[in-house]
Amino acid sequence: MYENYRSYPMIGELSQEDFQGIEPFLQELEYCADAILLKQGEHSERFHILLSGSVEVYLEQETKVSVATLESGHFIGEMSCLTGGAVSATVQAIEAVRTLSMPREGILQLMDKSTSFRKHMIEAMVARISESNERVAEEYTRSFAVTRQLELERHAHYGRLAGSSSFMNELRERIAELASRDDRVCITGESGVGKFHIACDIHNHSSRARNPILSMDAASFNQEDWTLKARAAQGGTLILEQADMLSEDVLHRLMQSRHEFRLIMTARHMPSVNVQQLELLPLRDRTEDIPELVAYFLKESGVFDPSEAISQEAMNMICAFPYLAGNIQELKRVVEDALVLSRGSVIRISHLRFGSMRKPGTRPRIGLALGSGSARGAAHVGVLKVLEEAKIPIDIIAGTSVGAFIGALYAGGQPISAFEQVLPTVRWSQLLQASVPPKAIVNNAPMARFVEKYIGQVDFEDLPIPFAAMSSDAVTGEACILNEGRVSHAICASTAIPGIMKPVKHQQRLLVDGAVVHPVPVALARSMGADIVIAVDLSSPANSRKPPKHFISSILHTIDIMSEKIVQEELQLADIVLQPQLESQLDFKASLSYIQEGEKVARKAVPSLHKKIQSFTVHEQGKPAVVVE
């Protein structure tokens, strides 16, 4: 029997006489993978020497904090076994484990009879004690950081990934792929698309799932916090949020970190680092997922049958809203608020509360939604002129087609007097040039030069007034919001009348006139943060339309007919709707009369608008719009 133990750690060093004294206390034990050998807080009556396999030692707090991995030759449970105290950490088998075990009596007898074993134990304990301060500090660091993270983790639980679009199916496959590897990843996308949620999913489906997941916001980055959390995340995952806010030097230094954790970054735009990228689409680019998300949020709120809880009109409006401010989380708030306001009845458009939540006591932000209408767009100038005279501030402008053209120039600083002087002199030859059929008759590239002549080669972020333009994808027909990059190029995209003007390539898409999808971009203005939206609708009422005289007016007439129902639905989101009565003209010679009509209808609305501003509360949203013709 003695020969069988000669290869065992520590026991193999004993003489045959010493071994015979301890042999009655020895017992070989086997544990399968994931089995618990010692449990934190419980008392252990046996001391173990690891013979094969490996175990993980971790602290069980509100989440697991890994301390060490032990292999053959290490011993565990000696302090609890000797002193009768509780085990300080849980020990769990990573794989099949075999141990040589003995009770307290066996340890004491062995220490009494064997000088070599006693010396081994004393040296081991001294070493353990000498390491204790460092271990305690390390465990405290990890525990402190993990504890602070728990609240964030609780808030980060959004449930399953709802949606059955091709994008969502591909996303699930990509998550599984990234979870199976250990590459560094950067998840990019707009605010609220679920970047943190996806980062957690990658961690939770990976081999690191049993270890901590922590996060750090680059907006408040400092080296001390990074070091703290990097040490605490050993074996787990550290999520660096808003990574694109850090300088390239700092990012590259963090990439060289030797800590044993997986780094997952989130960012709006991909930073200049060599990592795997996972790009998440905004909600408006995967609208087919919205009904499923709405049903999920209703079910989560206790609705038994979500399909019966919301009208089709309300669902259409929810699907059409762009959610610029918050994407999925904004959608969730809209659904939950609507459920409360419906008081158990079917959710209708009047129950929907879109846009940002205004801080109490602050002035409501006023947005303009300037509609399409070709040369009739001069009426927008009259509206702007009256608002200036009435000292009504314009905080946000959204425009479609000619509304984008006028809106961009005004947001860029052009005074009303300049519009009044220039518009009547504008000729289409200044804005268009001949194109090669069959794609189009003309292209509007010269329009970019015209816009830049007055506001310069500016980007959206440089405009004094926040502005966005609405366009539509020439291939898919989907709405496309233009709010980044060069303003003049975006205006070309928003004004490219399909069938007449050549589609404009912008941000890797072929775009045409936004009137196809959002003739009056009320939802866009609301999504940009407007509390009160003034919509300017330049469409001609059906009973006043005259037969088209030629090819171009026929196409414009067709677009008006196609967009009529869309206009009426979206105008329900406006607070004030201005509808100047205008005759259809294709040139700008009548601009001054159009400006006067815009002034006329805007002046009628000023009392209602002042009243709306003075009495505005969050609950004002959703009430029927004031319509002025």
Side-chain angles (χ1 to χ4, degrees), residues 54-71 89-90 92 94 134-157 174-188 195-246 249-267 270-271 273-278:
S54 59
V55 297
E56 181 185 16
V57 183
Y58 59 85
L59 301 177
E60 292 189 78
Q61 299 179 348
E62 292 185 80
T63 189
K64 186 175 73 172
V65 182
S66 183
V67 174
T69 298
L70 303 180
E71 299 175 338
T90 294
Q92 185 174 20
I94 296 174
E134 183 178 344
R135 290 181 61 201
V136 168
E138 177 74 12
E139 291 166 14
Y140 171 77
T141 297
R142 295 166 68 85
S143 302
F144 176 71
V146 170
T147 301
R148 292 183 62 184
Q149 190 70 22
L150 290 174
E151 189 64 25
L152 177 60
E153 287 189 32
R154 280 191 285 269
H155 286 301
H157 179 69
R174 187 84 167 112
I175 289 171
E177 175 196 348
L178 291 171
S180 68
R181 297 153 54 178
D182 216 26
D183 300 346
R184 289 168 172 167
V185 181
C186 185
I187 305 170
T188 59
K195 298 189 288 289
F196 189 86
H197 186 187
I198 301 304
C200 290
D201 260 24
I202 293 173
H203 168 84
N204 292 334
H205 287 87
S206 74
S207 59
R208 297 177 178 269
R210 297 189 302 174
N211 294 312
I213 176 171
L214 287 81
S215 76
M216 182 171 192
D217 195 334
S220 56
F221 178 86
N222 67 72
Q223 189 61 48
E224 184 179 350
D225 283 350
W226 168 266
T227 302
L228 179 87
K229 291 196 172 183
R231 293 175 65 190
Q234 295 298 301
T237 300
L238 180 55
I239 303 172
L240 180 61
E241 300 183 82
Q242 301 188 83
D244 48 347
M245 295 189 69
L246 294 178
D249 290 344
V250 172
L251 270 176
H252 285 295
R253 178 160 48 83
L254 298 184
M255 293 299 101
Q256 296 171 2
S257 171
R258 296 185 177 276
H259 292 289
E260 292 298 323
F261 60 82
R262 183 179 193 177
L263 178 63
I264 299 180
M265 297 179 287
T266 68
M270 185 68 181
V273 289
N274 186 22
V275 298
Q276 292 285 328
Q277 181 181 10
L278 178 58

Practice prompt. Considering non-hydrogen atoms only, spot the tightest contact between Leu59 and Ala89 and give its length.
Written response: CD2-CB, 4.0 Å
Worksheet item: Around atom CD of Glu260, are there more than 12 heavy atoms of other residues, nucleotides or ligands at under 6.0 Å?
Response: no
Fill in: Check: Cys186 and Pro271 side chains under 4.5 Å, non-hydrogen atoms
yes
Item to complete: State, with a plain yes or no, whether a side-chain heavy atom of Val275 is found less than 4.5 Å away from one of Met270.
Response: yes
Response to the item:
Ala243 and Ala267 have their tightest heavy-atom pair at N-CB, 4.2 Å
Worksheet entry | CD/Glu224: more than 12 non-hydrogen atoms of other groups inside 6.0 Å | no
Worksheet item: At what distance, to the nearest 0.5 angstrom, does OG of Ser220 lie from CD of Gln242?
Response: 8.5 Å
Worksheet item: Listed by chain and number, what are the side-chain hydrogen bond (donor to acceptor under 3.5 Å, both in side chains) partners of Asn204, not counting sequence neighbours?
Response: none
Worksheet item: Between Lys229 and Ser215, is there a donor-acceptor pair closer than 3.5 Å when you use the side chain of the first and the backbone of the second?
Response: yes
Item to complete: Taking all heavy atoms of Glu71 and all of Ser54, pick out the closest pair and write down the distance.
Response: CG-CB, 3.9 Å
Worksheet item: Roughly how far, to the nearest 0.5 Å, is the CD atom of Glu177 from the CD1 atom of Ile202?
Response: 10.0 Å
Discussion item. On a heavy-atom basis, which atom in Arg208 and which in Phe261 lie closest, and how many Å separate them?
Written reply: NH1-CA, 3.6 Å
Response to the item:
Minimal heavy-atom distance between Ile239 and Ala199, with the atoms involved, is CD1-CB, 3.6 Å
Practice prompt. Take Asp244 and Thr188, measure what side-chain contact (heavy atoms from CB on, under 4.5 Å) needs, and give me the verdict at the end.
Written response: CA-CA 10 Å; Asp244 48 347; Thr188 59; over 6 Å; no
Discussion item. Walk me through whether Met265 and Val273 qualify under side-chain contact (heavy atoms from CB on, under 4.5 Å).
Written reply: CA-CA 11 Å; Met265 297 179 287; Val273 289; 3.7 Å; yes
Worksheet item: Going by the angle between their ring planes, with limits at 30° and 60°, are Trp226 and Phe221 parallel, tilted or perpendicular?
Response: tilted
Worksheet item: Which value, rounded to the nearest 0.5 Å, describes the distance between Leu251 atom CG and Gln256 atom CD?
Response: 11.5 Å
Worksheet, complete the sentence: Rounded to the nearest 0.5 Å, the OG atom of Ser207 sits from the CG atom of Asp182 at a distance of 6.0 Å
Worksheet item: Which distance, rounded to the nearest 0.5 Å, do you find between the CG of Leu238 and the CZ of Arg184?
Response: 10.5 Å
Worksheet item: Does any non-hydrogen side-chain atom of Met245 lie less than 4.5 Å from one of Leu240?
Response: no
Discussion item. So that I can tick it off, tell me whether Lys195 and Glu241 are bridged by a salt bridge, with the cut-off set at under 4.0 angstrom between side-chain N and carboxylate O.
Written reply: no
Item to complete: For Arg262 and Asp183, indicate whether the former's side chain and the latter's backbone hold a donor-acceptor pair under 3.5 Å.
Response: yes
Discussion item. Side chains of Thr69 and Ile94, heavy atoms from C-beta outward: is any pair under 4.5 Å?
Written reply: yes
Worksheet entry | side-chain hydrogen bond (donor to acceptor under 3.5 Å, both in side chains) involving Thr237 - partner list, sequence neighbours excluded | His203
Worksheet entry | Residues forming a side-chain hydrogen bond (donor to acceptor under 3.5 Å, both in side chains) with Gln276, sequence neighbours excluded | Arg174
Discussion item. Would the distance check show the side chain of Asn222 and the main-chain N or O of Asp225 forming a donor-acceptor pair, the cut-off being under 3.5 Å?
Written reply: yes
Worksheet item: Distance from Leu263 atom CG to Leu254 atom CG, nearest 0.5 Å?
Response: 7.5 Å
